[in-house]
Amino acid sequence: MMSQKLQDAMNEQMKNEFFSAYLYQAMAGYFESEDLPGLANWMRIQALEEMTHGEKFFNFLCETGARTNLLPIDGPKNDYKSPLDVFEYSLEHEKFVTASIGKLMSIAKEEGDHASEIFLQWFVTEQVEEEASFGLILKKLERIGNDGNGLLRLDEELAARAFTPPTAAE
Ligand code: FEO
């Protein structure tokens, strides 16, 4: 049975994942208001992915006989100065999530909870990918600067992102 300390930390991380969905949906709303449907699409998909991350924690808590505890979620930031501002903010948020997963992994290791370690390994790998994808778009936006055509090309590129529901094995 998972320790209370680990259960609390898992529930906190479940909240962080659902908060991430809320934050990215808010960012999608900002992009919609700026007539950037491709960037909005990319953030909507990201919000859906974060919901699946929260769901993974929910399922793992249930499967291991731990108690789910859905915590209050803060309001996300809705207003941004520019697309660059959005991606600077979101990359910082992903770094916070990575650090939070790292702390969770440390607790699981300290407690010798191997099932939790294996479960969390997926998130360790996922965070590497997430920081890379947010970071790549941030770099592109830095290069684009005030080039309106460049921004439109990026918007078209990001319109192609589609949501793939996770399989049972993921
Ligand atoms: Fe699920 Fe982007 O952290």
Side-chain angles (χ1 to χ4, degrees), residues 2 6-32 36 38-64 66 68-78 80 83-109 113 115-142 154 157-170:
M2 202 185 293
L6 190 52
Q7 274 185 61
D8 290 346
M10 289 267 182
N11 275 299
E12 182 70 26
Q13 187 59 31
M14 176 169 63
K15 182 199 75 174
N16 289 340
E17 301 292 346
F18 284 131
F19 170 77
S20 299
Y22 211 35
L23 175 64
Y24 296 144
Q25 196 74 25
M27 290 173 171
Y30 164 76
F31 286 131
E32 290 288 357
L36 292 165
L39 284 148
N41 171 66
W42 195 92
M43 277 299 176
R44 282 172 191 253
I45 304 291
Q46 190 61 36
L48 289 172
E49 285 204 357
E50 299 297 353
M51 289 297 290
T52 69
H53 297 172
E55 190 76 13
K56 273 182 193 288
F57 278 96
F58 186 88
N59 289 340
F60 186 71
L61 285 161
C62 293
E63 282 167 3
T64 55
T68 57
N69 182 23
L70 283 107
L71 299 164
I73 294 181
D74 290 337
K77 180 171 157 64
N78 279 289
Y80 299 89
L84 185 68
D85 186 29
V86 172
F87 275 87
E88 283 172 346
Y89 194 91
S90 53
L91 180 57
E92 283 311 303
H93 177 68
E94 285 301 324
K95 287 180 180 172
F96 158 77
V97 173
T98 301
S100 181
I101 295 283
K103 283 184 204 149
L104 201 43
M105 182 64 109
S106 298
I107 298 171
K109 279 185 189 290
D113 189 326
S116 293
E117 273 186 54
I118 291 165
F119 167 72
L120 290 168
Q121 191 60 53
W122 184 91
F123 284 91
V124 171
T125 308
E126 176 69 8
Q127 282 311 117
V128 173
E129 287 174 19
E130 297 234 311
E131 284 195 30
S133 61
F134 278 90
L136 183 63
I137 296 171
L138 177 59
K139 283 238 162 54
K140 287 183 179 180
L141 285 165
E142 283 169 349
L154 179 64
E157 179 191 326
L158 299 186
R161 187 181 188 190
F163 178 62
T164 312
T167 62
E170 286 177 327

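Atoms within each ligand, like the ligands themselves, are counted from 1 in listed order. Side chains are part of it too, since the values below use all heavy atoms of this structure and drop only hydrogens, waters and symmetry mates.
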K.L.:
Report the C-alpha separation of Lys56 and Glu17 in whole Å, then their side-chain angles, then the decisive distance to 0.1 Å, and conclude whether the salt bridge (Lys or Arg N to Asp or Glu O under 4.0 Å) test is met.
P.N.:
CA-CA 10 Å; Lys56 273 182 193 288; Glu17 301 292 346; over 6 Å; no
K.L.:
Relative to atom 2 (Fe) of ligand 1, which of the N, O or S atoms in Glu130 is the closest?
P.N.:
OE1
K.L.:
Could you identify the N, O or S atom of His53 positioned closest to atom 1 (Fe) of ligand 1?
P.N.:
ND1
K.L.:
Look at the N, O or S atoms of Glu126, main chain and side chain alike, and state whether any lies under 2.8 Å from atom 2 (Fe) of ligand 1.
P.N.:
no
K.L.:
Kindly give the atom name of the N, O or S atom of Glu50 closest to atom 1 (Fe) of ligand 1.
P.N.:
OE1
K.L.:
Could you verify whether a donor N or O on one side chain and an acceptor N or O on the other, from His93 and Ser20, lie under 3.5 Å apart?
P.N.:
yes
K.L.:
May I ask you to check whether Glu49 brings an N, O or S atom to under 2.8 Å from atom 1 (Fe) of ligand 1?
P.N.:
no
K.L.:
Check this for me: does any side-chain nitrogen of one of Lys109 and Glu117 sit under 4.0 Å from a carboxylate oxygen of the other?
P.N.:
yes
K.L.:
Closer than 2.8 Å to atom 1 (Fe) of ligand 1: does that hold for any N, O or S atom in Glu17?
P.N.:
yes
K.L.:
Quick one: CG on Leu61 to CE on Met2, what's the gap to the nearest 0.5 Å?
P.N.:
5.0 Å
K.L.:
So does Lys139 pair up with Glu142, basic N to acidic O under 4.0 Å?
P.N.:
no
